[in-house]
Amino acid sequence: MFPGPGETRRRRRGCQGPRPPKMSHFTSEDEALLQSMLRQLLQSVKEKITGAPSVECAEEILLHLEETDENFHNYEFVKYLRQYVKNTVGPVIEEETEKCTSAQNQGEISGYDTLVQHLTKKTCESKEYREMMHALKNVMMIVVESLINKFEEDRMHDKELDSKAKKERQSGYYTDNCSDSDSSFNQSYAFMSQEQLQLLTERLDPIQPKEIRQEALQTLCLVPASDILSSESWPSLRQHLTISLADPDATFSEKILRFYAKTFSSSPFNMTKEVYTSLARHLELYFLSGGYSLHISAGLDVTNSDINRLLKKVRLLNEYQKEAPSSWIRHPEKYMEEVVESTLSLLSVKHKPNHAASPDFLSPMHFLALLDIKAVWFKKWTHAYYSRRVVFRLLERKYKSLINAAVQQCLDYFEFCKAAVNKNSNFSQQHCCDMQSFSYTGPELQYIYFVHSLCLLGRLLIYKQGQSLFPVQLKNKKDNISITDVLVLFTQLIYYSPSYPKTALAAHSDNYSPESLVMEILQVFCDQTGRATECLYRDAVIDALLHPVQSLLSGTEVYINCLETALLDVADILARFAASEDGLSLLLYGENEKNAKGSLTAARVIVQFTKKLLHDNISLLSGSELMSVKGAFIFVCRQMYRTCEGLQMLIPYALHECIAEAWRKTSCLSERVPTPVTDADSISSISQESKNSLLWEETLLDALLIFSTTPKGLFLLHSTGAMNDCVNFMVNSLSKKIQTNEYEDFGNRIIVTQMATTPMAAVALQNSGFIKALVTELWALLECGKDDLRITQPKSTPVDPIDQSCQKSFLFLVNLLTYPAVFELLSKQDIPNKPMYSFREVPTDIIDIIDRLIILNSEAKIHSLFNYEQSHIFGLRLLNVLCCELNTLLLLETQYKVSQVLLTAQEENVTETSEGHGVFIIDGLSVERNHVLVRINLIGGPQERILPLRELDKGSGLYPWPMFSSFPVPKCYLSEIPRKAEFRQDKDLDKLLTLLKSPDKPTGWAEICRKEFCKVMKSSPDSLSGSILAELIEKFVSHLSESRMDCYFSTGSYKAMDADVKKENLSSVQKLGVEMTVRYGKYLNLLKEDAENGLCFVLMNCEEFLKQQQRTVVSSLCCLQEHYAGYDWFASSIFLMMSGDREKTVMFLQQFSRLLVSAFLWLPRLHLSMHLPVTTLEYGIHPVYFCSAHHVEMLLKAELPLVCSAFHMSGFTPSQICLQWITQCFWNYMDWSEICHYIAICIFLGPDYQIYMCISVFRHLQQDILKHTEARDLQVFLKEEALHGFRVSDYLDYMETLEEIYRPMLLKDMRTIRAQNT
């Protein structure tokens, strides 16, 4: 052993202790000295060695003692060896060091490491080193042998001591009869041969005299457990020990128990299972023996010595049960199966042999329940599948009586509770026993067994294999007990079991009240998926949950312990039901959805009860109790009406009005809180009352806010008048999260997205400061960075067009800036265009974002940006998304001349040449501008318009797309319109034309036309185009408009205006819309040169015609002024379908306006219309949003759940993109032929086909939607990308299947827009 660096100084201070010999020879004195020092070393480290699980581990501990023991170098043995090594090989090291030093000076050896390696090698090869090692080996062999001999002498000496002294001394070896705290150094180890162990086994035979057995047992405790368990004598020894555990001599049996405890703690599982099964078998024999006579009715005195011994054995068994699962997976399954079977065999003991089963029998399960009341052992055994399948297999095949007994115990306790409640007796504290008591009464024992059974069943039922054990047959029950029956029983225990005072429960760390235990079980059940919830979601369980609610609703007498706690628990479980798809379906429709239409479903009961609570009509509750229950049931309702189908069910109950009324009442009361006086008590009471009132007000506002997660819910929220307060509440809540950069609250993002689709909510968002906070945060990320962020290194240069740090803000703006919001925020607002911008001037509004990031038309704006290119690209990307909504494009173009700004920027972005005309500089900004210019100036579907890429080509072309700085747009961005193929009219089309032209209209004529139209659409959709399709819809609408049954709106007579209507009479938005429409029509070869005047004529006549059916609405909203806020894309589409025939178009639109479908296809039709309620008009929300888009979201969840989840995860809503598609009649998203088919199917087949159309589009896009959800740009993809490959005819069969399922509900709801708010 060589000294390490730095140890020389420690040795020079003096080595305390004997001097080792200088030569490699040891005398007898040296041997005695080494023996003493080695014993001292082992005594010092005995704790570390005895803690080792095996001999190999103990060796490892000794080998690495220098690393782990800070006193290593202070041990006398270590000091002795160090000095001996120094004396022996020190001269050799010094001699070699001198040689190496001279060689190092000559350059032969270099480096400290090389020197050390050389010295070590030379020293180990020296003669002195070899002699030293040989001498050490010899002397240590002698020393160790002497120690072993000394050990034998000590052991024989112990045998000679008298029995009394031996007992006293041995009793000190253990601190706990069932612990593993004994140490091998307290009693040493004895190593025995197989013959000796065989002799020991024979001496432990129960037929041997007591003294011989005691002496043999004492010797057994000294032998390592591994030697005993692996010996050939173990089977016989195990049998003897099992019998001896029942020895009347308590000391003798406890010694065996100590041996078992030591074995459990120091042996591997494959050995300890032998000991465990021995102990389990002993206990089983004990409970079956004639000497066992304990009964439940007699109670249990723990201080009784026999009971105490029995409990110690069961405790040791239970401790092993809880520890074994951590190791048995590493051993063969048969070992685990033996442990499990021996346990179940013991626990299944119910009575003595040759005796009938007695309910008064104090079984092993009672004792196990006393020590493990919550059945932790069973929870651990069933946690892993490896052991769970074995447990359940054995329970099913041999030990099902255990499950029967557990179920019976729960039933008995329930009957007891029910009887006590019905007698109106007070037994709330009956089972709240004194923790210091050392005895248990019979009822307490039964209650403990019940709790154990309850926890065991609760764990068993959450697994598929456990559920397969049901139904069970009980002796006193005719019918089998199913899983649902057990769950109903658990549910009833919530309100029938005794309640404990909160102060009593607070004194105990564990709550063993049935109500809390059942709640734990049901909560775990609700969190499961698959088969576990199939058992829970049953009408019987719901009926049991709603029993107290139904009683309070009907006014019948309620026999329930602690009504408040019961109702809170019921609400908790109901809320968990409503949070899952299957649970919500059960609440809304019951198990059989078809039979739920006329029945009082759970959802209806819950909302009726909630309304009664809000009206304070529950006399049994008052004060804070009533407030808590109100909040709990409002939360259940929230979980339902946050979904479209849940809201649809609750609408007739006008819950939103009740909540709003309660909020207004609370708000008024909070304003009337009296001024505190000097009295401290009154100040405290007023302060608490104020806090409670504020908390309740926020709860109600939050409940109202959740209505806005769906389109129709948002419409209902408008009707409450609480919109501004709800938005302010949401913004205050969000501001805290914004400060910590937590944007991941998808629910709030969806609410903001829904609100941005309605003008009133968008204005509320602006007034609340939400938009200002969002813009400020964006500017900080884009330009400034955070004020509180200490800059330690330069910010990395972004490589993406929109940096990752700004992506969330970008998506928030995309969600927010729908056309209704843009129109309210930007209408008639001018760009600031300041001559100078300060670096510290931070934008606070949307107009500022447009001014500073999009329309950079001055040097002052450019120089005000720190990151000009990155910020401007952000603005151009935002502009690109905004302009996908054609109405927004027309507004930005007419107000801010966006195209001209971009063209000017492109013109300035050229190289300077002597010839004057330069070449466009290709950079990130010019490429973005080129893409935006093409998008905003060309109309067309996926096969009609070619948009330039925003990426550079890796090949030689770099950027093959031509740039331009003036109009017209290069022709290469428009596809060539293919010549129309000669379609040979088929029989179905001829039949349809004949039907439409025939003057005779037989009964069911419209339905026959619809069927023939569907045949043509499926067989030859391309034949339905041009003049043929125009004639079809013209004839069909003309006939429907003459039928009183088919007319939904009544219209007066109208005479068309003069033919010389000029374009100048239109607004700037309409003029630009006309130009774009005519340009698109000419590209499609549908219009002639003078088409502009014809379209102006159509638009002016439509406006005048609709004005006759409008009413005046006083509102501050910009969209509710005289003119419709946007362009009439439907009228323009009909104009193109009629090939520019203005008289036909006007006549068609007049007839079409009488039909219900006109309300959903032709959005300007209902602008300020007298056919809608005034309240509906005042909100500025079109029925397409709160009816069509609402049902799109509802059907999407049922038909395409993955797509629905993708929208939720993106914080985007299907309703927003659907409203955009429908408003502009899918222009720019579909080719012209598909747009015509979309309009035609809605006219022929019904307005509900508009909803089926949107669902079909989402189905077509499903894979793309999932991919872009993962890429976190779903809303950008849906707004920017056309519907590639989508054909209406391909999805007509799918739409017909949707019609079969949903038409009655959808048409019923669509027909309510005229008379009701919903």
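- In this model, no donor atom of one side chain and acceptor atom of the other lie less than 3.5 Å apart for Gln1275 and Ser1210.
- For the atom pair CD1 (Ile854) and NE2 (His872), the distance works out to 9.0 Å, reported to the nearest 0.5 Å.
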Asp803 vs Ser805, side-chain hydrogen bond (donor to acceptor under 3.5 Å, both in side chains): CA-CA, chis, key distance, verdict: CA-CA 5 Å; Asp803 188 49; Ser805 63; 2.6 Å; yes
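- Side-chain N or O atoms of Arg1272 include none that pairs as donor or acceptor with a backbone N or O of Leu811 at under 3.5 Å.
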Worked verdict on Ile1255 versus Tyr1294 for side chain to side chain contact (heavy atoms under 4.5 Å, CB included): CA-CA 10 Å; Ile1255 297 296; Tyr1294 177 63; 3.6 Å; yes
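- Counting heavy atoms from C-beta outward, Ser708 and Cys726 have side chains that stay 4.5 Å or more apart.
- A distance of 5.0 Å separates CG of Asp572 from CD of Gln523, quoted to the nearest 0.5 Å.
- Considering all non-hydrogen atoms of both residues, Thr818 and Asn815 come closest at CG2-O, 3.8 Å.
- Residues Ala1282 and Asn1228 come closest through the heavy atom pair CB-O, 3.7 Å.
- Side-chain contact between Leu902 and Val932 is present, with heavy atoms from C-beta onward closer than 4.5 Å.
- Side chain of His1190 to main chain of Lys712: a donor-acceptor pair is present (N/O by atom type, distance under 3.5 Å, no hydrogens or angles).
- Judged purely by distance below 3.5 Å, without hydrogens or angles, the side chains of Tyr463 and Gln528 never pair a donor atom with an acceptor atom.
- Judged by distance alone, the side chains of Asp923 and Ser926 do bring a donor and an acceptor atom under 3.5 Å apart.
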Candidate pair Leu1196 and Phe1207, rule side chain to side chain contact (heavy atoms under 4.5 Å, CB included), full reasoning: CA-CA 10 Å; Leu1196 194 66; Phe1207 271 101; 4.1 Å; yes
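- Using a 4.5 Å cut-off on side-chain heavy atoms (C-beta onward), Leu714 and His718 make contact.
- The aromatic rings of Phe874 and Phe810 lie perpendicular to each other, with more than 60° between the two planes, well past the 30° mark.
- Ring geometry for Tyr1291 versus Phe1286: interplanar angle under 30°, hence parallel rather than tilted (30 to 60°).
- Under a 3.5 Å cut-off, the side chain of His1182 and the backbone N or O of Leu1163 do form a donor-acceptor pair.
- Under the 3.5 Å distance criterion, with hydrogens and angles disregarded, a donor-acceptor pair is assigned to the side chains of Glu1193 and Ser1215.
- His931 contributes a side-chain N or O that, together with a main-chain N or O of Pro948, makes up a donor-acceptor pair within less than 3.5 Å.
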Evaluation steps, side chain to side chain contact (heavy atoms under 4.5 Å, CB included), between Val969 and Leu933: CA-CA 8 Å; Val969 177; Leu933 282 168; over 6 Å; no
Full working for side-chain hydrogen bond (donor to acceptor under 3.5 Å, both in side chains) between Gln1216 and Thr753: CA-CA 8 Å; Gln1216 187 180 113; Thr753 305; 5.1 Å; no
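- Ile1235 and Met1230 get closest at one heavy-atom pair: CD1-O, 3.5 Å.
- With contacts defined as side-chain heavy-atom distances shorter than 4.5 Å, the pair Asp1264/Glu1281 does not qualify.
- If you check the side chains of Gln1220 and Tyr819, you find no donor sitting under 3.5 Å from an acceptor.
- Residues Met649 and Met640 fail the side-chain proximity criterion, which asks for heavy atoms closer than 4.5 Å.
- One distance of note links OH of Tyr1185 with OG1 of Thr1223; it measures 12.0 Å at 0.5 Å rounding.
- In this structure, CD1 in Ile849 is found 8.5 Å from CG in Leu774, a value given to the nearest 0.5 Å.
- Side chains of Asn930 and Tyr959: a donor-acceptor N/O pair is present below 3.5 angstrom, by distance only.
- Surrounding NE2 of His383 are at most 12 heavy atoms belonging to other residues, nucleotides or ligands under 6.0 Å away.
- When atom types are taken as modelled, the side chain of Asp1231 and the backbone of Gln943 share a donor-acceptor pair closer than 3.5 angstrom.
- Using a distance-only test at 3.5 Å, with no hydrogens or angles considered, a donor-acceptor pair links the side chain of Asp848 to the main chain of Asp845.
- In terms of heavy-atom proximity, Phe729 sits nearest to Leu705 at CD2-CD2, 4.3 Å.
- Distance check: Leu778 CG to Leu813 CG gives 6.0 Å after rounding to the nearest 0.5 Å.
- With hydrogens and angles disregarded, no donor-acceptor distance shorter than 3.5 Å links the side chain of Ser1256 to the backbone of Val1288.
- In this structure, the side chains of Asp1248 and Tyr1302 stay at 4.5 Å or more apart for every pair of heavy atoms.
- Take Leu974 and apply the side-chain contact (heavy atoms from CB on, under 4.5 Å) test, not counting sequence neighbours, and it matches Leu938, Tyr1083.
- A 4.5 Å side-chain heavy-atom check between Leu716 and Leu647 finds at least one atom pair inside the cut-off.
- Annotation for Gln1262: atom CD counts as buried by contact number, over 12 foreign heavy atoms lying within 6.0 Å.
- The two residues Ala761 and Met755 have their closest heavy-atom pair at CB-O, 3.3 Å.
- Here the shortest heavy-atom pairing between Ala1206 and Ile1265 reads CB-CG2, 3.8 Å.
- Ring pair Phe1258/Trp1221: centre-to-centre distance below 6.0 Å.
- Checked by atom type and distance alone, the side chain of Tyr1229 pairs as donor or acceptor with a backbone atom of Lys1279 at under 3.5 Å.
- The backbone N or O of Ser899 sits less than 3.5 Å from a side-chain atom of Glu893, completing a donor-acceptor pair.
- Residues Glu1280 and Leu947 have side chains not in contact (no heavy-atom distance under 4.5 Å, counting atoms from C-beta outward).
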Working for side chain to side chain contact (heavy atoms under 4.5 Å, CB included), residues Phe823 and Asn887: CA-CA 9 Å; Phe823 188 78; Asn887 281 333; over 6 Å; no
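- Put simply, the side chain of Ser871 never gets that close to the backbone of Tyr868: no donor and acceptor are under 3.5 Å apart.
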